[in-house]
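One structure below.
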Amino acid sequence: MPGLGIGLGVGLGGSAGGGGPGLSASKTTYYTTISQGALIASLTDPFGTGSTYAVVGSTPAQLALSSGGKIVAGAGAQVDGQASTIVIRATKGQRAVEEPLTFTSIPIPRAASYPKAGDLVFGLSPYRTQGNSTTALAYVPASGALNEVSDNFMTAQPAGHRFVYLNVGFNSATASGATARETLPGNSNTIDGSVTFTQVNGAGTRVAGTFGGAASIIMPDGGYAIEDARPAFAGGFHRVSITTPSGGKRNTGWNADTTFGEYRRRGSAFASSNLASGQITGSAPDNLRGYKPHAVLVPHNGSTPSILLIGDSITQQNDLRFDARQLVGGIVKALGDPTNGSFGIGNFGHHGASMEDFLDVTAGSLKFSQRYAFLAAARDMNGGRWPMTHIWSQGLRNDFSGMTTAQTVEDQLAIMKARAQAWWDFLAKTFPGIPIIQSTVSARVTNDSSTNYVLLDGQLPRPFTAGPALEAFNDWMVQNTPAPLALVVDLREPQRELRTDPNFGTPSPVWARLAFVKAGGGKMATALAAGTAVTSLRITATTAPAVGSACYFEPGTSSMEMKGTINTVADNGDGTFTIGLASSITPSFAHAVNAVFMTSPTTDGTHPEAVIHELWAALIRPLKPLIASL
């Protein structure tokens, strides 16, 4: 799949030969699932350095010679056990050597811990990671609001599906320091009941869940609960009631989206009528920090991939496409999309986390111990096989951000490679037999206060060594696919541009200008008054702005402000566009007709706005057949 920046792991420990003592290759075997253009082996230079390479005779369809002395997969179909021979000529000055090199494609071996048909694996779920507060994720319920009942949108589920609940929060700033930790509420919490409805507000067909045959269950401090198997569900809503003891805490979930029909209320005590039918009763609706399940387990059909996503806050994003109804970031958006088949998803992203924070599953470590306990329980229910077919790491962003001690690009790159290797080795050791995917690490920059990430100028990587080192690190991953990775996916193209780093005089990745900005942006076609709320804008422009991008008014002036996210764009056919906003905004400054209007892919220099998640999803959807074949 050319142009997608994919690297496939192909090292299987074969002999580092294939061409005699003169010209040889680093490997002689590769996986049959390799994609076109992916690296098979690197050639060793028989003259030390400086050789040029060429193919002698015909090239087998399965192979190709790439620049830099690399053998890559050709356009021809790969077949298990097929041996293909390519004759390579290396030349340096008047010296030359030719060698036939043979490469054999082999299937990826499956470990005993890989799930089989019928095992429980993560199913399609609209749930993101757990918790959205920037401080404490386990909070004391308000006085008189010990019970909470939530309606959550739920996708269609097969027979045998089970909802999963955790009684643990995720915290990025504990009392012991700014380190991501699992946070225990310090008390048990009771799931009073769980019901699915096929229509909004508790209407339609009702099916109640059970826990070991009981309608409710008490989750221990830091523990979890897994429902009994349910019948097939056509899709609609899932209602769950949770009660917390007085003075206790419960972990938070994500904001309800009323556009989807989600709804939450809190009250002083559990009311069984709320699980019967109808709209939830109780105190005034509270659509912030509500509780919802954290995953869905379904019987594995033997072929559909099930992905455990582990990463940081970059895994998260509100979904602005109401048709999708998945409150997820770009990776999950793509994998859950029906294009090329919907994959199962379990999102264990943890905002504020460096991956080095997770490297301990020992009971009570609160690094990855509580999530691992649930995964291990699901594994045991499967007779020793994991509840996922793949692991996707979208982490390492915060590892890079935290490397303030590195004073040179070389130091930063070396430390980052070591941290990444430790993370990947941990995953391979903890979840043996499960293919690991890593996506490239996104940019993180500071900005000139007047441009706010709209332009390349004014953006500086942080820490200062992270710019050129980040680009080199991503290049290294994509070009080499370090073991034990099975696949590296390059997501840089829509998210970053390169600009000369003033500290080093070398290219550094910064946030890309969106196509709308590259085309000159726009101007206000109607004025906005300071202090007056609006839900739409009208602009004059030659190019439509992208849905999901952030709105910037008058960058570079004293009236500059960032307000709102674009939700809809309508071409009025007269050189103007009407922009619908995701929610109402109230400008702090007046913006007159012809005032400059721009958009940005980020509002803080670290987190991508929804537009980037959509672009990432567009890159990933075509890769799903490749992922399924790993």
Side-chain angles (χ1 to χ4, degrees), residues 1-19 23-45 49 51 53 63-74 78 88 101 103 105-106 108 355 390-397 399-400 409-428 435-442 466 468-493 496 498 506-507 509 619 623 626-627 630:
M1 297 183 184
L4 291 176
I6 307 164
L8 262 179
V10 295
L12 294 176
S15 60
L23 174 63
S24 62
S26 59
K27 302 179 180 73
T28 61
T29 56
Y30 62 96
Y31 291 143
T32 307
T33 53
I34 196 168
S35 61
Q36 181 183 351
L39 177 68
I40 289 177
S42 298
L43 300 176
T44 57
D45 194 327
T49 59
S51 291
Y53 301 93
L63 306 175
L65 174 65
S66 182
S67 60
K70 298 182 184 300
I71 302 297
V72 299
Q78 305 288 351
I88 300 295
L101 303 175
F103 302 92
S105 61
I106 63 175
I108 296 177
M355 297 302 97
H390 303 70
I391 295 172
W392 189 311
S393 166
Q394 196 184 14
L396 301 175
R397 170 63 275 163
D399 295 81
F400 237 114
V409 173
E410 292 74 18
D411 287 346
Q412 177 114 10
L413 181 58
I415 297 172
M416 193 61 208
K417 284 183 177 180
R419 287 195 182 187
Q421 195 65 59
W423 167 235
W424 300 329
D425 290 344
F426 164 80
L427 289 176
I436 303 169
I437 302 167
Q438 174 71 49
S439 46
T440 48
V441 180
S442 55
L470 174 60
E471 191 68 9
F473 175 78
N474 282 326
D475 283 343
W476 170 72
M477 283 202 305
V478 170
Q479 294 167 9
N480 295 281
T481 313
L485 297 181
L487 178 68
V488 171
V489 179
D490 192 348
L491 297 180
R492 290 176 292 177
E493 186 59 33
R496 69 94 168 91
L498 297 177
T506 55
L619 283 180
L623 303 184
L626 172 63
I627 294 169
L630 293 178

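The figures that follow rest on heavy atoms only: side chains count, while hydrogens, waters and symmetry mates do not. Quick caveat: nothing in here was measured; it's all calculated off a predicted structure.
In this structure, Ser66 and Val72 approach most closely via the heavy-atom pair CB-CG1, 3.8 Å. Minimum heavy-atom separation, His390 to Leu630: NE2-CB, 3.8 Å.
Listed by chain and number, the residues in a side-chain contact (heavy atoms from CB on, under 4.5 Å) with Ser105 are Tyr30, Thr32, Gln78, Gln82 (sequence neighbours excluded). Trp476 pairs by the ring pair (Phe, Tyr, Trp, His ring centres under 6.0 Å) definition with Phe473, not counting sequence neighbours. Remark: Ser393 engages Trp423, Gln438 in a side-chain hydrogen bond (donor to acceptor under 3.5 Å, both in side chains) (not counting sequence neighbours). Applying the side-chain contact (heavy atoms from CB on, under 4.5 Å) criterion to Ala428, with sequence neighbours excluded, gives Ile436, Pro484. Considering only residues two or more places apart in sequence or on other chains, Ser442 meets the side-chain hydrogen bond (donor to acceptor under 3.5 Å, both in side chains) condition with none of them. Among residues two or more places apart in sequence or in another chain, the salt bridge (Lys or Arg N to Asp or Glu O under 4.0 Å) test is passed with Asp475 by Arg492.
In this structure, the separation between CD1 on Ile71 and OG1 on Thr28 is 12.5 Å, given to the nearest 0.5 Å. Taking CG of Asp411 as the start and CE of Met416 as the end, the distance is 14.5 Å to the nearest 0.5 Å. Expressed to the nearest 0.5 Å, how far CD1 of Ile437 lies from CG of Leu487 amounts to 5.0 Å. The CD1 atom of Ile106 sits 4.5 Å away from atom OG1 of Thr29, with the distance rounded to the nearest 0.5 Å. Separating the OG atom in Ser439 from the CG atom in Asp490 is a distance of 9.5 Å, to the nearest 0.5 Å.
Side-chain atoms of Thr44 come within 3.5 Å of backbone N or O of Ser24 as a donor-acceptor pair.
At least one side-chain heavy atom of Glu471 sits less than 4.5 Å from a side-chain heavy atom of Arg496.
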